Amino acid sequence: MGLNSNVAQRYSSGAILLHWLIAFALAAEMAIGFTMPMDASGFALVQLHKSIGITILLLSVLRLLWRLMFKAPPKVEQGFTGFLASTVHVLLYAFMVLAPLTGWLIVSSAEIDVPTLLFGVVPWPHLPVPQALNHTYEEAHELIAFVGIALFLLHVAGALRHQFMKGGNYLARMAPGSGVGPALLLTLGVFLLGGAVFFGIGPREEEHDHATDHGPEAEAHEHDEGAEDEPASSGEVTAAEEERDHSTHDHGDEAAATDTDAAQEAAAEAAPVEAQPAAGPPPSWTIQPGGSLRFSVASGDMQLNGSFGSWGGSIAMDPDNPATAQISIDIQLGSATLGDATQDNMLQGADFFATSANPTANWRSTSVTAQGDGRYRADGTLSLKGVSRPQAISFTLSGNGSSRSVAGQAVIDRNAFGVGVGDAASGLGGNVTVNFAFDATR
Ligand code: HEM
Ligand code: HEM
């Protein structure tokens, strides 16, 4: 059969454009899928994986419609190889639809519902599927990915074989231009992009490494994995969830045995004894607008930084006689932001702040002691997500007269408050550092 590149021998430009768009997107998607860390440190990559994957689904549906509307050029080979080529094409189409569909099923059935915002912007719904099948979808997704790689290699080998062993300009059927150059460049590009993304992100750490790296969190994570391994009935999953909850709390209590926490608790108990009788009510201070309340927590090898936009409180304190101080700070948890809409949504959910049930966190002082040079240590009680516990804060005061600048820090054991449970939090450090700075006037 003649293989000149007259119009009838070529795919339509729309088909060619979609073929290569999807090929490039798939190369990146695969590389991200195999490298993205499945804990909090991989959050952004998983979001990207979801976004590109859904894009591939939409492009593939478009491409199939295109295929139905515009006829493909006649087949170039008959017999067994022709049959093999057509079979691989049909299977590639199936792969292009089933890979993203099973991915979509995974996130739809996940125990922890992380909303999908395509490229951080477009909300994408989840399918109403049972949680119990989550593991099955994961297995299917992975298997389909491997089958896809095999199909891709067969497809490329077949195309190159035809180009170089049968003569003619076969590859130009599916590439711009009439020569073999553009097709070979595009092919090289697909491989390079896949390789660059894969090695750019770096191969996934073994789960075992995580265990040694992050101690307690990794234990909770492994526990999760165990739970996921037995999704046989929804009843069992619930039991596993409960168990997991326990382990998280236990871990919180263990953490309470660390030196700082023990000191905090001791100080809080000693507080009423230490407090001096007041010589008069301490002066009140008004928190001025423009202050900041930030938080940061380790996430894998990185650090997540966020802030609260809405908080306030009342301060009554004589800097020279801090024993009489009474400080109460309210924080609107709904104003927490990490600068990423999807992550912010997750912060509001049951695994983190559960904002709808407990919209406000409060810290109230029990005793404030001066430590010299304008430095103070304030012991108090933090109420967060339905848990009240001793929580120390350190701060410095600068300025004098009726205007002061306040800057300080608290290190909070988030597990003790049940903030950050489940898979989405598995790479997060246990301590959240809170920094604040504001001006106050009398
Ligand atoms: C993940 C990457 C790829 C996917 C999913 C894919 C998928 C497909 C599909 C489904 C078709 C059938 C078109 C139809 O008749 O409806 C096709 C055709 C074709 N592909 Fe790919 N392809 C990929 C990468 C490549 C690469 C790297 C090359 C270059 C070697 C290539 C070369 C071709 C050629 C020449 C055709 C026309 C086949 C013919 O009709 O005889 N493809 N591709
Ligand atoms: C053509 C599209 C897609 C391809 C080729 C693909 C490929 C992959 C690969 C290779 C993995 C790693 C499998 C493993 O090592 O276990 C993976 C994991 C994953 N993918 Fe996709 N994916 C696609 C689309 C999607 C979509 C659309 C979503 C969600 C909307 C998604 C969600 C996930 C999730 C959540 C995981 C992690 C599963 C786990 O917990 O191990 N994927 N994907």
Side-chain angles (χ1 to χ4, degrees), residues 3 9-11 15-16 18-39 42 45-60 63-64 66-68 70-77 82 85-86 88-110 114 116 118 124 126-127 134-135 137-149 151-153 155-163 169-175 180 182-191 194 204 225 228 423:
L3 284 169
Q9 295 291 341
R10 296 171 60 88
Y11 283 84
I16 294 176
L18 285 169
H19 176 271
W20 291 103
L21 262 184
I22 293 174
F24 276 98
L26 273 172
E29 179 73 351
M30 272 299 179
I32 297 172
F34 280 123
T35 51
M36 59 191 187
M38 290 311 297
D39 58 28
L45 281 175
V46 176
Q47 294 310 307
L48 186 63
H49 183 79
K50 287 158 56 173
S51 302
I52 299 178
I54 295 295
T55 308
I56 292 173
L57 177 63
L58 298 176
L59 288 175
S60 300
R63 181 165 171 195
L64 278 167
W66 200 280
R67 179 68 159 84
L68 297 176
F70 300 88
K71 267 186 66 145
K75 284 183 69 163
V76 292
E77 278 196 49
S86 303
V88 169
H89 290 165
V90 171
L91 292 176
L92 276 171
Y93 279 122
F95 157 72
M96 281 149 45
V97 171
L98 289 178
L101 267 184
T102 47
W104 190 9
L105 288 172
I106 298 178
V107 295
S108 300
S109 61
V114 180
T116 299
L118 301 184
W124 186 257
H126 285 172
L127 300 163
N134 182 261
H135 199 67
Y137 298 143
E138 266 180 27
E139 299 276 296
H141 193 62
E142 190 177 355
L143 181 70
I144 288 170
F146 279 114
V147 171
I149 292 176
L151 289 170
F152 164 74
L153 292 177
H155 178 65
V156 175
L160 294 178
R161 167 192 166 274
H162 195 102
Q163 171 75 31
N169 230 339
Y170 174 69
L171 287 180
R173 281 163 64 90
M174 195 47 113
V180 70
L184 287 183
L185 276 182
L186 286 165
T187 306
L188 188 67
V190 168
F191 279 94
R204 184 150 44 218
E225 304 267 51
E228 279 171 16
D423 282 355

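Counting starts at 1 for both ligands and their atoms, in listed order. Keep in mind it's a predicted model, so treat the numbers as computed, not measured.
- The single protein non-hydrogen atom nearest to atom 38 (C) of ligand 1 is Y170 OH, 3.1 Å, given as residue, atom name and distance.
- Heavy-atom proximity to M38, at under 4.0 Å, picks out these atoms of ligand 2: 37 (C), 40 (O).
- Looking at atom 13 (C) of ligand 2, its nearest protein heavy atom turns out to be E142 CG, 3.8 Å.
- Ring orientation note: the planes of F146 and F34 are tilted relative to one another, at an angle of 30° to 60°.
- Here M96 contributes atom CE and L59 contributes atom CG; the two are 9.0 Å apart, rounded to the nearest 0.5 Å.
- Rounding to the nearest 0.5 angstrom, the gap separating the CG atom in L98 from the OG1 atom in T102 is 7.0 Å.
- The closest approach between T187 and ligand 1 falls below 4.0 Å for a heavy atom of the residue.
- At least one heavy atom of Y11 sits under 4.0 Å from some atom of ligand 1.
- Atoms of ligand 1 found under 4.0 Å from any heavy atom of A23 (numbered from 1 in listed order, with element): 2 (C).
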Review point. Hey, mind stepping through L160 and L171 against side chain to side chain contact (heavy atoms under 4.5 Å, CB included) and telling me if it holds?
Key: CA-CA 8 Å; L160 294 178; L171 287 180; 4.1 Å; yes

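- Taking every non-hydrogen atom of M96 and a distance limit under 4.0 Å, the qualifying atoms of ligand 1 come out as 5 (C).
- At a cut-off of 2.8 Å, measuring from atom 21 (Fe) of ligand 2, the protein N, O or S atoms that fall short of it are H49 NE2, H141 NE2, waters left aside.
- Contacts of T116 with ligand 2, taken as heavy-atom pairs under 4.0 Å, are absent altogether.
- Near F152, with a cut-off below 4.0 Å to any heavy atom, the atoms of ligand 1 are 1 (C), 2 (C).
- A distance-only check finds no donor-acceptor pair linking the side chain of W104 to the backbone of G53 [under 3.5 Å].
- Looking at atom 36 (C) of ligand 2, its nearest protein heavy atom turns out to be M36 CE, 3.4 Å.
- Atom 39 (C) of ligand 2 has as its closest protein heavy atom E138 CD, 3.7 Å.
- Within the structure, the closest approach of L26 to ligand 1 falls below 4.0 Å when heavy atoms are considered.
- Heavy atoms of R63 approach ligand 1 to within less than 4.0 angstrom.
- Of the polar atoms of W20, none of the N or O atoms is found under 3.5 Å from an N or O of ligand 1, judged by distance alone.
- In this structure, the protein non-hydrogen atom closest to atom 15 (O) of ligand 2 is R204 NH2, 3.0 Å.
- A heavy-atom distance below 4.5 Å is not found between the side chains of W124 and K50.
- Within ligand 2, counting atoms from 1 as listed, the ones closer than 4.0 Å to a heavy atom of F34 are 10 (C), 15 (O).
- We find the CG-OG1 distance between L21 and T55 to be 10.5 Å, quoted to the nearest 0.5 Å.
- Looking only at N/O/S atoms, H19 comes nearest to atom 21 (Fe) of ligand 1 through NE2.
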